[in-house]
Amino acid sequence: MNILVCISNVPDTTTKVTFNANNTQFNTAGVQFIINPYDEIALARAIELTDGGKGAVTVIHVGEAANEPTIRKALAIGATDAVRVNAPAHDAYFVAVQIAEYVKQHPFDLILTGRESIDYNGSKVAAMLGELLDIPSVSIIKKLDVDGANGTVEREIEGGKEVLTIPLPFVAGTAEGVAEPKIPNMRGIMSARTKPLTVVEPVEVKASSEIISYETPAPRGQVKLIPADDVAKLVDLLHNEAKVI
Amino acid sequence: MSVLVYAENADGKFKKSVFEAVSYARAIADQNNTTLTAISIGNVAADELSALGQYGAHKILNVSTDKLKNFINQAYASVIAKASEAEQADVVVISNTFSGRGLAPRVAVKLGAGIADGAVSLPDTGNGKFLIKKTAFSGKAFATVELTSANKVIALIPNSYKVIENATGAKPEDFTVETNESDFKALLKEIVKSTDKVSLPDAEIVVSAGRGLKGPENWGMIEELADLLGAATACSKPVSDAGWRPHSEHVGQTGIAVSPNLYIAIGISGAIQHLAGISSSKVIVVINKDPEAPFYKVADYGIVGDAFEIVPKLIEAVKTYKASA
Ligand SMILES: Cc1cc2nc3c(=O)[nH]c(=O)nc-3n(C[C@H](O)[C@H](O)[C@H](O)COP(=O)(O)OP(=O)(O)OC[C@H]3O[C@@H](n4cnc5c(N)ncnc54)[C@H](O)[C@@H]3O)c2cc1C
Ligand SMILES: Cc1cc2nc3c(=O)[nH]c(=O)nc-3n(C[C@H](O)[C@H](O)[C@H](O)COP(=O)(O)OP(=O)(O)OC[C@H]3O[C@@H](n4cnc5c(N)ncnc54)[C@H](O)[C@@H]3O)c2cc1C
């Protein structure tokens with residue numbers, strides 16, 4: 001079984017988010033970039049599913065050469081090889097089209113993404129890929145098994161879950177529960193340097209969305225502290241002042 | 001031109017997030033001097049369908065066939081795209097729910113539409129542009145996105161737009177579409193409802209607790225407080241990692257992002273990754289024994305003290321309030 005794992009390069013979760021150039025650019029100064037945490041889950045599950053010679057795991061990233069350390073990290077964790085589409089990720093549709101083009105030429109049995117990137121939070125790439133390839137997609141799953149020609153997934157729904165069986169190939173966006181992220185070991189790190197990383201050029205895509213500007217949430221006022229021996233006061237404030245109960 | 005809104009049902013009923021989406025879509029229709037069509041797919045009774053007209057839908061399309069009884073994103077996307085073409089809709093609004101996320105991007109690709117996911121505001125259509133504010137960096141920021149395509153899809157975050165009564169008297173009409181066999185490859189085996197508790201993404205009030213609670217055996221008071229307030233329960237990441245609570249309760253940058261009216265954080269320090277997921281809550285209450293806990297910096301109300309003393313008192317105070325209300 002050959003699995004493709006899509007990986008996004010995102011700011012470390014401790015990043016304090018600020019913007020440049022009149023709030024039109026994310027300020028990357030001093031920011032550490034990592035594999036999107038949900039993509040690490042996808043990668044870990046792909047490695048588990050192909051363990052012991054049962055297949056190969058290719059990772060694909062759409063982005064510039066500066067993001068290669070993130071791709072190497074995926075190789076160190078255990079991916080077999082990697083592909084980088086040499087273009088900045090303009091938007092989710094651009095990313096999905098690039099990946100779909102690659103898949104049309106190099107078919108895979110299963111395509112995994114994260115449930116969403118932690119920077120742009122689109123939750124779009126998985127479903128877009130499904131549509132572009134005309135195959136099923138499930139956007140947020142918490143369990144994934146493959147048995148022969150079929151996969152079984154648990155999909156999150158409000159207040160519960162759904163269990164689906166889907167014939168391969170399909171696209172799935174992984175969330176917590178699917179696998180525990182793997183930490184690269186020394187052998188992985190050493191071998192990552194020599195594993196193949198193919199660079200392919202992008203196909204042209206007409207853009208349909210553009211980020212114009214950014215803002216950070218309005219700061220909240222000073223916290224109102226209520227003495228621990230007057231808890232009823234809190235209930236009163238929530239009812240009469242904040243009007244939320 | 002017109003606006004189309006997809007009304008997602010849960011067991012044949014519409015949740016508040018649907019009426020928010022209908023109200024929102026109606027406001028967009030008004031901005032553009034056009035009409036709003038709502039579409040429901042699945043088994044929803046006529047009187048429930050008519051409720052869509054209460055919030056401004058001029059036309060209500062009902063697709064109710066056995067084949068489309070259960071949500072399959074691929075098939076539902078085809079139906080919505082066909083309805084959009086039939087209605088000559090140039091804007092399609094879908095709630096940004098778990099199912100909506102699997103649906104909206106597929107609809108967008110079918111329609112060649114730009115998509116604004118995670119929308120939190122009405123489009124700004126000044127100067128002939130179409131600008132929408134959306135969440136970004138997992139709650140740490142917002143981005144304003146311009147959609148430049150003729151067709152547009154908007155995925156609206158629940159609890160970010162108010163429900164507006166605006167009765168049109170519209171009655172449901174059946175909408176028939178041809179389905180493609182290839183859209184039904186995914187087979188639904190089973191639906192498992194966790195409980196009859198309030199689900200976290202829909203909740204208007206969330207009672208959340210962290211490592212300060214010491215162990216899973218102490219969640220009784222958290223659940224009791226939540227029940228009294230009609231709230232959902234949530235937790236910090238280490239709590240779900242340790243198996244004290246299910247993953248589906250984990251909020252934050254790598255968990256669920258919530259935007260309730262009231263978020264009560266008990267024994268949670270307020271790490272940046274946790275705050276990311278809850279920063280768009282309207283009112284935040286913090287209960288923590290450490291006055292220096294970072295959570296107080298983003299809180300509206302706080303009580304400094306031991307959760308094991310304060311939460312039982314809070315439960316009593318809420319009971320007293322409810323008895324008098
Ligand atoms: C400098 C810069 C400018 C940008 N400007 C815009 C803009 O103008 N408009 C706009 O809409 N977006 C913009 N983006 C956002 C960027 O294009 C997003 O990362 C991309 O659109 C993916 O969308 P998402 O984050 O919503 O993905 P999601 O759908 O949330 O991601 C889900 C999954 O898709 C996969 N995935 C996501 N991105 C990639 C990738 N690059 N390569 C491989 N797999 C991936 C991962 O598995 C991820 O877990 C910009 C980004 C950068 C760095
Ligand atoms: C990649 C990554 C992603 C992450 N994503 C998330 C995420 O999405 N969500 C998330 O929550 N975390 C996330 N984290 C973890 C985050 O950094 C913090 O470690 C976590 O939020 C802390 O959880 P906590 O507040 O429950 O525990 P602690 O930080 O241990 O805080 C416990 C708090 O309880 C208080 N306390 C103790 N006893 C009592 C008492 N008797 N009464 C009242 N208060 C008491 C203490 O003063 C303290 O403030 C992530 C971390 C990483 C590295």
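A note on names: the letters A, B, ... follow the listed sequences, proteins ahead of strands, and every chain is numbered from 1. Fair warning: this is a prediction, and the values are worked out from it, not measured in the lab.
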Ion pair check, A:Glu162 and B:Lys189, cut-off under 4.0 Å:
no
Less than 4.0 Å between a side-chain N and a carboxylate O, is that true for A:Lys161 and B:Glu190?
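Answer for the salt bridge query: no.
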Count the heavy atoms belonging to other residues, nucleotides or ligands that lie under 6.0 Å from [atom1] of [X], then report whether that count exceeds 12.
| X | atom1 | value |
| --- | --- | --- |
| B:Lys16 | NZ | yes |
| A:Glu241 | CD | yes |
| A:Gln105 | CD | yes |
| A:Lys104 | NZ | yes |

Under 4.5 Å from a heavy atom of chain A, the part of [X] involved:
| X | answer |
| --- | --- |
| B:Lys152 | neither |
| B:Asp241 | side chain |
| B:Lys289 | neither |
| B:Gln253 | both |
| B:Lys282 | backbone |
| B:Leu131 | side chain |
| B:Lys322 | neither |

Return yes if a side-chain donor-acceptor contact under 3.5 Å exists between [X] and [Y], otherwise no.
| X | Y | result |
| --- | --- | --- |
| A:Thr13 | B:Gln273 | yes |
| B:Asn73 | A:Ser137 | yes |
| B:Ser138 | A:Asn121 | yes |

Measure distances from [X] to the heavy atoms of chain B and classify the residue's part below 4.5 Å as side chain, backbone, both or neither.
| X | answer |
| --- | --- |
| A:Asp134 | both |
| A:Ala126 | neither |
| A:Tyr120 | both |
| A:Ala175 | neither |
| A:Ile140 | side chain |
| A:Leu129 | neither |
| A:Pro37 | side chain |
| A:Phe170 | neither |
| A:Lys142 | side chain |

[X] versus [Y]: any side-chain heavy-atom pair under 4.5 Å?
| X | Y | answer |
| --- | --- | --- |
| B:Phe137 | A:Pro11 | yes |
| A:Lys124 | B:Arg101 | no |
| B:Val192 | A:Glu154 | no |
| B:Asp300 | A:Val223 | no |
| B:Tyr321 | A:Ile245 | yes |
| B:Phe98 | A:Ser139 | no |
| B:Phe71 | A:Arg155 | yes |
| A:Glu131 | B:Val107 | no |

Taking all heavy atoms of [X] and all of [Y], pick out the closest pair and write down the distance.
| X | Y | value |
| --- | --- | --- |
| B:Leu314 | A:Val231 | CA-CG1, 3.4 Å |
| B:Val109 | A:Met128 | CG2-CG, 3.7 Å |
| B:Gly102 | A:Ala127 | O-CB, 3.6 Å |
| B:Thr148 | A:Ser209 | OG1-N, 3.9 Å |
| B:Lys185 | A:Pro136 | CB-CG, 3.7 Å |
| B:Ile205 | A:Val244 | CD1-O, 3.9 Å |

Give the C-alpha distance, both sets of side-chain angles, the deciding distance and a yes or no for side-chain contact (heavy atoms from CB on, under 4.5 Å) between B:Tyr296 and A:Leu225.
CA-CA 9 Å; B:Tyr296 284 113; A:Leu225 288 180; 4.0 Å; yes
[X] [atom1] to [Y] [atom2] distance, which is reported to the nearest 0.5 Å:
| X | Y | atom1 | atom2 | value |
| --- | --- | --- | --- | --- |
| B:Ile115 | A:Tyr93 | CD1 | OH | 12.0 Å |
| B:Ser281 | A:Arg220 | OG | CZ | 6.5 Å |
| A:Leu164 | B:Ile72 | CG | CD1 | 5.5 Å |
| A:Leu234 | B:Tyr301 | CG | OH | 8.5 Å |
| B:Asp117 | A:Glu116 | CG | CD | 9.0 Å |
| B:Gln74 | A:Ile135 | CD | CD1 | 8.5 Å |

When you look at B:Ile191 and A:Ile157, which way does the side-chain contact (heavy atoms from CB on, under 4.5 Å) test go after all the steps?
CA-CA 9 Å; B:Ile191 301 180; A:Ile157 56 173; 3.9 Å; yes
Just give me the residue among [options] that pairs up with chain A most often, heavy atom to heavy atom, under 4.5 Å.
| options | value |
| --- | --- |
| B:Ile284, B:Ile132, B:Asp306 | B:Ile284 |
| B:Val145, B:Ile272, B:Leu187 | B:Leu187 |
| B:Gly305, B:Ser149, B:Ala299 | B:Ala299 |
| B:Ser248, B:Ser199, B:Ala271 | B:Ser199 |

Donor-acceptor pair, distance only, cut-off 3.5 Å: does the side chain of A:Asp119 make one with the backbone of B:Ala136?
no
